[in-house]
Amino acid sequence: MGDFRVHILGCGSALPTMQHYPTAQVVELRDKLFVVDCGEGAQRQLRRQRLDFGRIVGVFISHLHGDHCYGLYGLLSTMGMLGRRRVLPVYGPRGIDKFLAPFIEESRSYLGYDIEVHVVDDRTSSVCYEDRSVTVTTLPLEHRTPCTGYLFREKVTERHIDRASCDFYGVPRSYYTALREGADFTTDEGKVIPCERLTRQGKTPRSYAYCSDTAYLPSLGPLLRDVSLLYHEATFLSDRLARAKETAHSTAEQAARIAQAAGVERLVIGHYSARYIDTQPLLEEAQAIFPETVAADEGMILEL
């Protein structure tokens, strides 16, 4: 089905540290790159991971706190210097248009490509991007400013033809395309043969959910049902629960409980508070609830 992986460019939070870059990721799917949040240093991390700027097809910003978007102006400028000519769509919550307006106005004479700004409704879940291989759906989050997560869901692969069954029921090869798309077949005698009897299910589609800064939000569970990989912020340990509530962030334990309730396959935590030089305690707290947890780190590549 092609590559589907997540590149961690940065997994820190607002205050700079020697351990982590601010939040930024790249979702790679079938030769396309989707930038998800763009903190400072994202360009350098793209270079370090040898990701091709020319393959970027869209940028998805969760919210307008600086550690998630202050690297965006530089990235947009660099793509212009590298000769980009294709329109670049940028998605984000309420305010993304105002954030980008000064840059778009000032760079119009030299950028060399158009930026298409899409303001998504951060209060609901809806499809904001779609192409032949993926749909991207927004995930309403609860933070101190409009904030949205994103769910990347690979499109269902075509069903595989069962040649022996098709020959038995006399299905003409000209009908195979319809079968792959899920159509039943009717014989000359009028008998309906279900598609499931003539085909086999293709590979199960993969999915990645990105839940950036958010308070503990159990209502996310149904939206995240059975995703292959969930990224959920884990800014604090549980002994800082009061601080997490005050700042509309989550603890590692809360991230694990979301993963557990949603029945996801794997969890990756990140967005660590600058107070944690060692992230092992955060990982252990999450793993105590949801064992299939890893701690994000710069340079990490997660295969789906």
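For H271 and H232, the ring centers sit 6.0 Å or farther from each other. Aromatic rings from Y176 and F185 are positioned such that their centres are separated by 6.0 Å or more. A ring-centre distance under 6.0 Å is found for F60 and Y150.
Atom CZ of R86 has more than 12 heavy atoms from other residues, nucleotides or ligands within 6.0 Å. At most 12 non-hydrogen atoms from other residues, nucleotides or ligands lie less than 6.0 angstrom from CD of E106. Atom OH of Y113 has more than 12 heavy atoms from other residues, nucleotides or ligands within 6.0 Å. E298 CD: more than 12 foreign heavy atoms inside a 6.0 Å radius. Atom OH of Y169 has more than 12 neighbouring heavy atoms from other residues, nucleotides or ligands inside a 6.0 Å radius.
With hydrogens and angles left out, the side-chain atoms of Y129 and D131 include a donor and acceptor closer than 3.5 Å. With no hydrogens or angles considered, a side-chain donor-acceptor pair links H68 and D213 at under 3.5 Å.
Annotation: the span from R240 atom CZ to L237 atom CG amounts to 9.0 Å, rounded to 0.5 Å. Remark: L139 CG to T214 OG1 distance equals 10.0 Å, nearest 0.5 Å.
Aromatic ring orientation, Y208 versus Y210: tilted (interplanar angle from 30° to 60°).
None of Q49, Q45, Q25 except one satisfies the side-chain hydrogen bond (donor to acceptor under 3.5 Å, both in side chains) rule with H7; the exception is Q49. The residue from L224, L223, I258, L217 that alone fulfils the side chain to side chain contact (heavy atoms under 4.5 Å, CB included) condition with C211 is L224.
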Exercise. Evaluate side chain to side chain donor-acceptor pair (under 3.5 Å) for D37 paired with S62, printing each intermediate quantity in order.
Key: CA-CA 6 Å; D37 276 343; S62 65; 2.8 Å; yes

Quiz item: Stepwise, does the salt bridge (Lys or Arg N to Asp or Glu O under 4.0 Å) test hold for D122 with R94?
Solution: CA-CA 7 Å; D122 50 273; R94 289 168 289 164; 2.7 Å; yes

